[in-house]
Every structure is written in structure tokens, then in C-alpha cells.
Amino acid sequence: MDEFDEMYQYSKVVEILLDYGWVLTPFIIGRDFQKIQQQLSTIEGKVLSEVEKDSFKEELYALLTDITFSVSTRSFFVYRAKEVKHVQNFSHHIERALLHYYNNDYFSTVLCLLPAIEGSLLSYYGWQFGTTRKPSITKLIKEIEKCRAATYNPKNYKMYSGFISNFLQRWIFSDTSIADISESYLNRHYVLHGMGNNNYYTIADAQRLIMFFDLFIEFLSLEQQINYNFIPNPGENDLIDSRNNYYFRLQTVEISRKEAMETEQKFMEQNVNYYTEKNIPNFKDMVLRFAIEHMEFMKEHEIKFGKRNRVHTSLFKRIKSRLEKILFSKNNFIHLF
């Protein structure tokens, strides 16, 4: 199959997937793509009952999950998000979204990615906060439709532009008065304006947004003359390798809270626009302050009302002993009182 035929087949598949609220990663090849084609062929020319439609979607989504979940593909995806203009401004959203995704937190995945879509489009449009009034969604999408750059692959460039526009208008930015909610409540207005309590954060919803960024990043890469034939091999790119290893470990072993927090913080700090919070609450310090305040209160009480009776003294000693055990190990023991 030559490149023209491959992209023709790809376009036919995406045209069908758009009816179910999906686009498809452009670099899908080989057996995975054939599986999707085969699944779509089972409904060609048929009118499905609701039961048949649900069964079809369940099998289709399982195939798309296998593709999206690939740790090597997602590690490369995060790297490219840092590399490509406009998306790189929101790479910290994508970084965190993938960490949520591999922790099975699809609610947070969606809430990280939705603002990143609009932010990337605003950057592509050329708008900056504090200048003029924010351009409308229609203007942002029309900017994508212009295909304003001369690229090394104009056919794919135009095709990607059309799919991006279709997906955004039909699903993500659709007017809620006419929005199609048959597949999902995943709609920018519905979510960010708190217009209801329906589920917009299934694993399918999270993966729809991830697949969108696959497509959008490839569209921008064509403009910016960035081309990859293959994912870099292990040992060639530390940013990719470190995420690949961590995502894999998240699925296969029990990771300590300390390791998870340190690793994920390191990843986040590798994003240019990520702000690191310096005033993180320290639980031990909080308990220590409470203990000191309590001791001062007890001393004032003793001055005013005399020494505590034996029952109060015994209770106080037990509190003191318990706090010391919680706060400090034997090697770092400090008397509070």
C-alpha cells in the first residue's frame, strides 16, 4: 500500500469515527489500523439497533484503548508536546493529564486537557491575555482551516485541518442548545461552565482528547517542518525513556507515594510554563504547632486554676507520648514539653 492509499484509508476511517466523537492518531499503522478497519466494516451499510450499536461501540473502544494506552507512544506524545509551538505553552497540562491517565483518574485527565485545547488554539491564533478581547471559537477554528503554511505534505496538512475543525465544531465546542450528547457530555461549555452533573470523564472521553492532541500535534509538526518516521529507540532520548519506564512501572508494580511524588514533580518541572508551589503544607509542622499551643494553654490553665489533678495529668502525658511517637523517630527525638 503506497502513502496515498494509506492516507485515503485513514481519512475514510476518521470520517466514520467522527460520528462517534473520535479522531484517530495519524501515525497508526499496520495491524492496529487493520483491526479498526475490520471493526468498522461490520456496520457498513447497516442500521443498528441500540443493543447492536452499544456492542459495536464497546468493541471499538476496546481497540482504541489498546492503541491509546501504549506507554511508548504516550511518552513520545508528551515529548512532542514540549517540542511543538503553541502546544508547548500548555505542555504542563498534557504532562499532568498523562500522569492522571495512567493512574486511572480520567476525571482529572479531561479537566487538564480541555483548557489546553483552547489555550493552544489561542496561541495559534496569535492572541495574548491582556491585549484585545479574546477571539471567538469560530475565529479560532477558521484559523486552523486556513492551512496558512507551506508544508512538505500539503495533502495531509489540509486533511488534518478538516478533521480538527470537524471534531471541534461537532463535539468539543458545539453549542449546548444543539449539542449531540448521544455519545458523551464531553463539551467545553458544558464542562467548564458547570452546566450539569452528567458524566463527561469516561476513559473513552479522556482518550478522545488524547487522540485529538495526537492529530493536532501532527498538524503543527507539518507546519513547523518537524518529521519523525519512528519513535526514537531506547537510550536515544532521556525524556522519552524516563516516562516510558515510569508509566510502565505504574501499571506493573506498587510504587511508593514518595517515589511517585518525586518522579512526577520532576516531570512537571521539565515543562516551561509549570509553576512549582514552594509553600507546601507540612503535616508534622502543623501537629507540632498544635502541640505547643496546647501546652501553652495548659500552663496558663495551671497558673489560673492550680495544678491539674491526677486524671488530667495522666491524660496529658498520654497525649504528649502519642504526639512524640507520631512526629519523630528515635533518631530524631525532640521533647515537646
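Computed from a predicted model, the values in this text were never measured in an experiment.
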| Angle class for the Y247/F267 ring planes (parallel below 30°, perpendicular above 60°, tilted otherwise)? | perpendicular
| request: For the pair T25 (side chain) and I28 (backbone), establish whether a donor and an acceptor sit closer than 3.5 Å, ignoring hydrogens and angles. | output: no
| said: Looking at E183 and R208, is any side-chain nitrogen of the basic one under 4.0 Å from a carboxylate oxygen of the acidic one? | reply: no
| query | Should the ring pair F216 and F219 be called parallel, tilted or perpendicular, given that the plane angle runs from 0 to 90° and is split at 30 and 60? | reply | parallel
| request: Assess the pair Y201 and F107: is the distance between their ring centroids shorter than 6.0 Å? | output: yes
| Is there a donor-acceptor pair under 3.5 Å between the side chain of S161 and the backbone N or O of Y157? | no
| message | For the backbone of A260 and the side chain of T263, can you confirm whether one donor and one acceptor N or O come within less than 3.5 Å of each other? | response | no
| message | I'd like to know if the side chain of S91 reaches the main chain of K82, judged simply by a donor and an acceptor atom lying under 3.5 Å from each other, with no hydrogens or angles considered. | response | no
| query | Between the side chain of D205 and the main-chain N/O of T202, is any donor-acceptor distance below 3.5 Å? | reply | yes
| task | Using modelled atom types only, decide if a donor and an acceptor are shared between the side chain of D66 and the backbone of L63 within a distance under 3.5 Å. | result | no
| query | Does a side-chain N-to-carboxylate-O contact under 4.0 Å join E50 and K53? | reply | no
| Do the side chains of I203 and L114 join up, straight or via other hydrophobic residues, at under 4.5 Å, putting them in one cluster? | yes
| Would you call K46 and E52 a salt bridge, using N to O less than 4.0 angstrom? | no
| Looking at E296 and K299, does any basic side-chain N land under 4.0 Å from a carboxylate oxygen? | no
| request: Give the ring-plane orientation class for Y102 versus F69, where under 30° counts as parallel, over 60° as perpendicular and anything between as tilted. | output: perpendicular
| message | Testing the 3.5 Å rule here: is there a donor-acceptor pair between the side chains of Q38 and Q34? | response | no
| Any donor-acceptor pair under 3.5 Å linking the side chain of N103 with the backbone of D105? | no
| task | Verify the distance criterion only: is there a donor paired with an acceptor across the side chains of Y101 and Q207 at less than 3.5 Å? | result | yes
| Counting only heavy atoms not in E277, do more than 12 fall under 6.0 Å of its CD? | yes
| Under 3.5 Å, is there a donor-acceptor pair linking the side chains of Y246 and E264? | yes
| query | Where the side chain of W127 meets the backbone of T132, is there a donor-acceptor pair that is under 3.5 Å apart? | reply | yes
| task | Would you please indicate yes or no on a ring centroid separation below 6.0 angstrom for Y228 and F76? | result | yes
| Counting only N and O atoms by type, is there a donor-acceptor contact under 3.5 Å from the side chain of R74 to the main-chain atoms of L98? | no
| said: So that I can tick it off, tell me whether K85 and E223 are bridged by a salt bridge, with the cut-off set at under 4.0 angstrom between side-chain N and carboxylate O. | reply: no
| With distance as the sole test, does S123 use its side chain to make a donor-acceptor pair with the main-chain N or O of S120 at under 3.5 Å? | no
| field | Centroid-centroid distance, Y20 to F56, less than 6.0 Å | value | yes
